There are 2 protein chains.
Amino acid sequence: MRAEDLPEVRRLPLFRDMLHANFEQLMQGSYAQLFPAGLELIRQGDPADFLHIVLEGAVELHADWGDNRCTMAVVQPVGTFILAACIKDAPYLMSARTLERSRVLLVPASDLRAIFRRDPEFAVSTINELAGAYRAVVRHAKGLKLRNSRERVAAYLLKQSRMAENADSFILGVEKRLIASYLGMTPENLSRTLRGLEGNGVTLRGQQVTITDRAALAAVAPPDRLIDGPDPGGATAGVSLPPPTRVNPAP
Amino acid sequence: MRAEDLPEVRRLPLFRDMLHANFEQLMQGSYAQLFPAGLELIRQGDPADFLHIVLEGAVELHADWGDNRCTMAVVQPVGTFILAACIKDAPYLMSARTLERSRVLLVPASDLRAIFRRDPEFAVSTINELAGAYRAVVRHAKGLKLRNSRERVAAYLLKQSRMAENADSFILGVEKRLIASYLGMTPENLSRTLRGLEGNGVTLRGQQVTITDRAALAAVAPPDRLIDGPDPGGATAGVSLPPPTRVNPAP
DNA sequence: AGACCAGATTGACATTCATCAATCAGGCAC
DNA sequence: GTGCCTGATTGATGAATGTCAATCTGGTCT
């Protein structure tokens, strides 16, 4: 892997506190790889061999059952995914595919398991990472069960707004059909719902989202820290909600 | 706490491998308490002070948003819950209430955090517990997003059947409205769906479930290890699916 | 036994949501 | 620029699910 990536990886909450020697060893067995867009990195059901870390690009985690497919999360740099499967040495519960050309660091699961057994700091980091990931999924499940699709969309927009640098005008970083799948609805339904939300404090033009009346939007779906997160105590990497969005220059 | 409970707690995957001295210390700060049925043990949003372990009875984990409420899990002996919140020292994402008279062991979160920092075995156990809990929620979310209500009900029955001692005839251990909420549907819808499933290999009389044609039921919702679990490598305690059911004597 | 009560069921109805099909719009290759 | 291709949108429709209200049922208490 490129030497210049090391500091960034080292700075991840998961690796930040471990002993240097152990970090070195972990990285020695790892390798970064460049993948084209649309490539299936892992397939659900396969044995978990590598912890994946997205260095560049974006990766979708999705699940399939019969003919149905749904997006569970989008991981962006620098985020890790499928940590739990590696730890349990169990089959992946989700598939992963690149949304764009992406560089991914692959860390052997066996090394991982060996090292947190002898590096207490790393063990604690792993515990925190997993606890954060767990809470992220619980929040996702809560959103699915407690909110209808209109409310989920409104809450999603508000959350993206919070994460954007310019909270009042940002662009959706992902295809709408992916957002729809993430929110547990069809693209058609999302499209109509978005249109229905104009007049509730949002304006849309393509990927462009402008919040004109935050209170009105919040009235559709009162934001709740216990659903929309994040934990007060810092961002949860790993399986997170769809990507932070970039600011966009005024037209 | 009662001395006779100690061995059972000690046998939990979470505590099995830790040093005896540390287990002792952990238990010294803990206390078991008997609660009546229907009592709210914890309320979502409150700070996480104690890891909870159900020794007797049954506890429902549920979430609220506005006027909506949904069941996220039912924990039965001997199972732990809200480990993640304790670890992150963050607010509970779910509320908990006793479904029946229950005895619960309360372990101070601060002790927990202190001890897994110095007991590597306990740290590893915690990691495994969390990884299992994470995967359980992911499976739950997958079920919600990939299956319609009819399929969820069929899969639920099949799963309960697998967990029962007599797989072909068992009783639902929980109120139906609770099951409905867990499955993300209304009690009315569950009732109709259950009726609709007669003729697909199931017979119902009250809480009594009899599977007459497993294949027919499985045809409604093909079981999938990646949704219905469990992990091949052993039962995941903590936040698990609704309770194992007891066998029932033939009428 | 009888009254009572929470939960379950049923029916009628409204709403949400998915599906199918037909455009529409924007980006990219040539 | 033109053609094409994917994703987005829109419309029409039906299926799935929620809601409200009215029983029904099983168990508990007295």
Side-chain angles (χ1 to χ4, degrees), chain A residues 36-38 58 60 65-71 74 97 99-101 143-154 171-198 202-209 220-221 242 248 251, chain B residues 36-38 58 60 65-71 74 97 99-101 143-154 156 171-198 202-209 220-221 248 251:
Chain A
E60 176 206 13
W65 186 69
D67 291 333
N68 299 340
R69 150 166 311 195
C70 71
T71 301
V74 172
R97 77 182 171 94
L99 291 176
E100 39 186 284
R101 183 180 167 83
L144 289 171
K145 293 176 86 166
L146 292 170
R147 288 170 169 163
N148 62 27
S149 67
R150 179 181 170 82
E151 293 163 339
R152 291 201 295 276
V153 172
I171 50 177
L172 304 169
V174 211
E175 284 177 3
K176 289 204 180 121
R177 64 192 188 128
L178 224 144
I179 296 176
S181 177
Y182 174 72
L183 295 176
M185 56 203 292
T186 59
E188 295 93 329
N189 192 10
L190 173 62
S191 186
R192 283 186 253 267
T193 302
L194 284 173
R195 162 166 295 283
L197 281 176
E198 308 205 23
V202 209
T203 309
L204 279 127
R205 227 173 40 249
Q207 293 256 85
Q208 178 67 242
V209 181
V220 176
N248 92 300
Chain B
E60 175 204 15
W65 185 70
D67 291 334
N68 299 339
R69 150 165 309 194
C70 72
T71 300
V74 173
R97 76 180 173 98
L99 291 176
E100 40 187 281
R101 185 179 164 84
L144 290 171
K145 292 176 86 165
L146 292 169
R147 288 170 168 161
N148 62 27
S149 67
R150 179 182 169 82
E151 292 163 340
R152 291 201 295 277
V153 172
Y156 180 82
I171 50 175
L172 303 169
V174 209
E175 285 177 2
K176 286 197 181 131
R177 63 189 188 131
L178 224 145
I179 297 177
S181 178
Y182 175 73
L183 295 177
M185 57 203 291
T186 59
E188 294 94 327
N189 193 9
L190 173 62
S191 187
R192 282 186 253 266
T193 303
L194 283 173
R195 164 166 295 283
L197 281 177
E198 308 206 24
V202 208
T203 308
L204 279 127
R205 227 176 38 251
Q207 291 257 85
Q208 178 68 240
V209 181
V220 175
N248 92 302

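As the structure is a computational prediction, the values presented were derived from the model and not from experiment.
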Candidate pair B:Leu204 and B:Arg195, rule side-chain contact (heavy atoms from CB on, under 4.5 Å), full reasoning: CA-CA 8 Å; B:Leu204 279 127; B:Arg195 164 166 295 283; over 6 Å; no
CA sep, side-chain torsions, deciding dist, call: A:Leu178, A:Leu99, side-chain contact (heavy atoms from CB on, under 4.5 Å): CA-CA 10 Å; A:Leu178 224 144; A:Leu99 291 176; 3.6 Å; yes
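Between the OH atom in B:Tyr156 and the CG atom in B:Leu172 there is a gap of 6.0 Å [rounded to 0.5 Å]. Here the OG atom belonging to B:Ser191 is positioned 14.0 Å from the CZ atom belonging to B:Arg177, to the nearest 0.5 angstrom. Taking CG of B:Leu197 as the reference point, atom OG1 of B:Thr203 lies at 11.0 Å (rounded to 0.5 Å). Taking OG1 of A:Thr193 as the reference point, atom CG of A:Leu183 lies at 9.5 Å (rounded to 0.5 Å).
Under a 3.5 Å cut-off, the side chain of A:Lys145 and the backbone N or O of B:Arg69 do not form any donor-acceptor pair. Listed for the A:Thr71 side chain is no donor-acceptor partner under 3.5 Å among the backbone atoms of A:Ser181. With B:Arg147 contributing its side chain and B:Arg152 its backbone, the two residues share no donor-acceptor pair below 3.5 Å.
Rounded to whole Å, atom C1' of C:dC24 lies 17 Å from atom CZ of A:Arg205. In this structure, CG of A:Leu190 is placed 14 Å from C1' of D:dT10, rounded to the nearest angstrom. Rounded to an integer number of Å, the gap from CD of B:Glu151 to C1' of D:dA15 is 14 Å. Summarising the geometry, the separation between CZ on B:Arg150 and P on C:dA18 is reported as 19 Å, rounded to the nearest angstrom. When rounded to the nearest whole Å, the span between CG of A:Leu144 and C1' of C:dT16 equals 16 Å. To the nearest angstrom, P of C:dT10 lies 13 Å from CG of B:Asn189. Straight-line distance from the CG atom of B:Leu194 to the P atom of D:dA16: 16 Å, rounded to whole Å. Nucleotide D:dG18 holds its P atom 13 Å from the CG atom of A:Leu146, rounded to whole Å.
Annotation: the terminal axes of the helix from C:dA1-D:dT30 to C:dC30-D:dG1 meet at 40°, where each axis is the rotation carrying the C1' atoms of four end pairs onto the next four (5 pairs per end, rounded to 10°).
Here the side chain of B:Lys176 is nearest to one of C:dT9, C:dT19, D:dG18, namely C:dT9. Nearest nucleotide to the side chain of A:Ser149, out of C:dC17, C:dA8, D:dT17: C:dC17. If you check D:dT19, D:dT10, D:dA8 against the side chain of A:Glu175, the one that comes closest is D:dA8.
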Where do N or O atoms of nucleotides 28-30 of chain C meet protein N or O atoms at under 3.5 Å, pair by pair?
none

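Using a 4.0 Å heavy-atom distance criterion, B:Gly184 is classed as a sugar-phosphate-only contact.
Side-chain atoms of A:Arg192 come within donor-acceptor range of the base of C:dT19, with a qualifying N/O pair under 3.5 Å. For C:dC20, its base sits under 3.5 Å from the side chain of A:Glu188 at one donor and acceptor pair at least.
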